[in-house]
Amino acid sequence: MKDVMIPIRGKEALQVMREAGARLGDVFLHLADFVRPGLTTLEIDSWVDAQLRRRSLISQTKGYHGYRHVTCVSVNNVLVHGVPSRHVVVQPGDMVKVDVCAAWKGYCADAARIFLVEPVSRQAFSLAKAAEAAFDAGVAKLAPGSRLYDVSSAIQSVIEDRGFGVVRDFCGHGIGRRMHEDPEIPNYGVAGSGPLLREGMAFAIEPMLTEKSFEVFVDASDGWSVFTRDGGLTAHYENTVLLTANGPEVVTRIDSR
Ligand code: MF3
Ligand code: CO
């Protein structure tokens, strides 16, 4: 395993990340009331763009490797990195996953939510619940002195116990001044192994699940959208989490979801 240096943040930096997280969490809180059938995913992106500006949040995805949007909006069999489009219209029964990374005073917050548009299938509902439960199980393992793959392993167990697939091709990540920092956080792994966890670390934990096979591919036509090979549904749920003296703190979740 390659050696990773995981940055340790002081109290001031953690406080800024807390505030960045609260601001982004507030955007998602309001987004839940906005997403509805008939909207295009580009309209969702424009709405989020305005909400970020209003809160002095700076998008970290616009301009990232040529990406042009403040959100990724991934519907149904698109797992992550769905590119907002005026041709994709939200339909009844859709699973709409919105992912946003933005900075406040130089520190990033990264989060994703799953919006279930009624009437939603049992399978879609179960998959979304599994994503949240996997996240919670992972966070519960975050403690100084523990190992990173304790988190990974806990996430994997919840997902596989419920009969769903764990995506291998994409991971969570460290976060701070940049959107993506060390370490990579796989959603599968062997408990008791991986980098040592310490107070002052910050992570974006983001389980990615599939209904059936975990095999995915990047769409050649837009170069971003990640689809399941078998066309199955997907879920992706993400928050920014600080490891503090008082344990893990989920800073982007002010909506109790
Ligand atoms: N916010 C995403 C993450 O969770 C990454 C966005 S990729 C980009 O890591 F294409 F939108 F830039
Ligand atoms: Co992320």
Side-chain angles (χ1 to χ4, degrees), residues 4 6-7 17 20-21 23-25 27-28 31 41-42 44-49 51-52 57-75 78-85 88 96-104 107-115 131-132 134-136 138-139 142 148 151-152 155 166-188 201-209 216-227 234-243 248-253:
V4 291
I6 305 177
M17 291 192 75
R23 285 171 185 246
L24 184 58
V27 172
F28 277 106
L31 184 54
T41 57
L42 189 60
I44 292 173
D45 185 75
S46 304
W47 186 90
V48 171
D49 196 2
Q51 298 294 321
L52 295 180
L57 289 164
I58 311 296
S59 169
Q60 299 299 293
T61 57
K62 199 180 255 191
Y64 178 82
H65 294 282
Y67 195 76
R68 295 154 56 103
H69 303 280
V70 304
T71 63
C72 297
V73 187
S74 310
V75 181
V78 180
L79 171 70
V80 289
H81 304 170
V83 180
S85 163
V88 179
V96 181
K97 289 144 285 178
V98 182
D99 186 352
V100 181
C101 184
W104 186 74
Y107 283 93
C108 298
D110 194 352
R113 292 287 180 275
I114 305 162
F115 300 102
E132 296 174 4
F135 171 87
D136 288 337
V139 168
L142 273 179
L148 184 64
V151 174
S152 304
I155 291 171
V166 176
V167 172
R168 300 322 202 247
D169 294 358
F170 297 89
C171 292
H173 48 93
I175 184 167
R177 288 201 166 275
R178 285 173 300 113
M179 166 165 71
H180 294 145
E181 299 188 356
D182 279 339
E184 281 198 345
I185 310 175
N187 291 309
Y188 58 92
M201 292 178 173
F203 304 105
I205 296 182
E206 46 182 324
M208 291 171 235
L209 294 65
V216 295
F217 69 96
V218 178
D219 180 27
S221 68
D222 68 15
W224 288 100
S225 309
V226 177
F227 284 81
T234 60
H236 171 225
Y237 177 77
E238 174 177 25
N239 283 293
T240 300
V241 188
L242 311 178
L243 185 44
E249 197 179 318
V250 181
V251 295
T252 44
R253 185 161 63 182

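Each ligand, and each atom within it, is numbered from 1 in the order the structure gives.
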message = If we set the cut-off at 4.0 Å for heavy atoms, which region of His81 has an atom near ligand 1: side chain, backbone, both, or neither?
response = side chain
inquiry  = If we only consider heavy atoms of His173, is any one of them less than 4.0 Å away from an atom in ligand 1?
reply    = yes
message = For Cys72, state whether at least one heavy atom is located under 4.0 Å from any atom of ligand 1.
response = yes
key: Smallest separation among heavy atoms of Ile185 and Cys171, with atom names   = O-CB, 3.5 Å
key: Minimum-distance pair of heavy atoms, taken over all atoms of Ala102 and Leu57   = CB-CB, 3.9 Å
key: Side-chain heavy atoms of Thr240 within contact of Leu24, under 4.5 Å   = no
note = Under 4.0 Å between heavy atoms, the region of His65 that gets near ligand 1 turns out to be neither
query = Does any N, O or S atom of His173, backbone or side chain, fall under 2.8 Å from the Co ion (ligand 2)?
reply = yes
inquiry  = Looking only at protein heavy atoms, which one is nearest to atom 6 (C) of ligand 1, and what is the separation?
reply    = Thr61 CG2, 3.8 Å
ask   = Gln60: heavy atom below 4.0 Å from ligand 1, yes or no?
value = no
query = So, Asp99 and the Co ion (ligand 2): N/O/S under 2.8 Å, yes or no?
reply = no
query = With a 4.5 Å heavy-atom cut-off, do Asp45 and Val70 have their side chains touching?
reply = yes
request  = Compare all side-chain heavy atoms of His173 with those of Asp110 and state whether any distance is below 4.5 angstrom.
outcome  = yes
Met208 side chain reached by Thr234 side chain, heavy atoms, under 4.5 Å = no
task = Compute the angle centred on the Co ion (ligand 2) spanning OE2 of Glu238 and OD2 of Asp110, and express it rounded to 10 degrees.
result = 90°
task = Give me the ring orientation class for Tyr64 and Trp224: parallel if the planes are under 30° apart, tilted from 30 to 60°, perpendicular past 60°.
result = tilted
request  = Provide the number and element of each atom of ligand 1 under 4.0 Å from a heavy atom of Glu238.
outcome  = 4 (O)
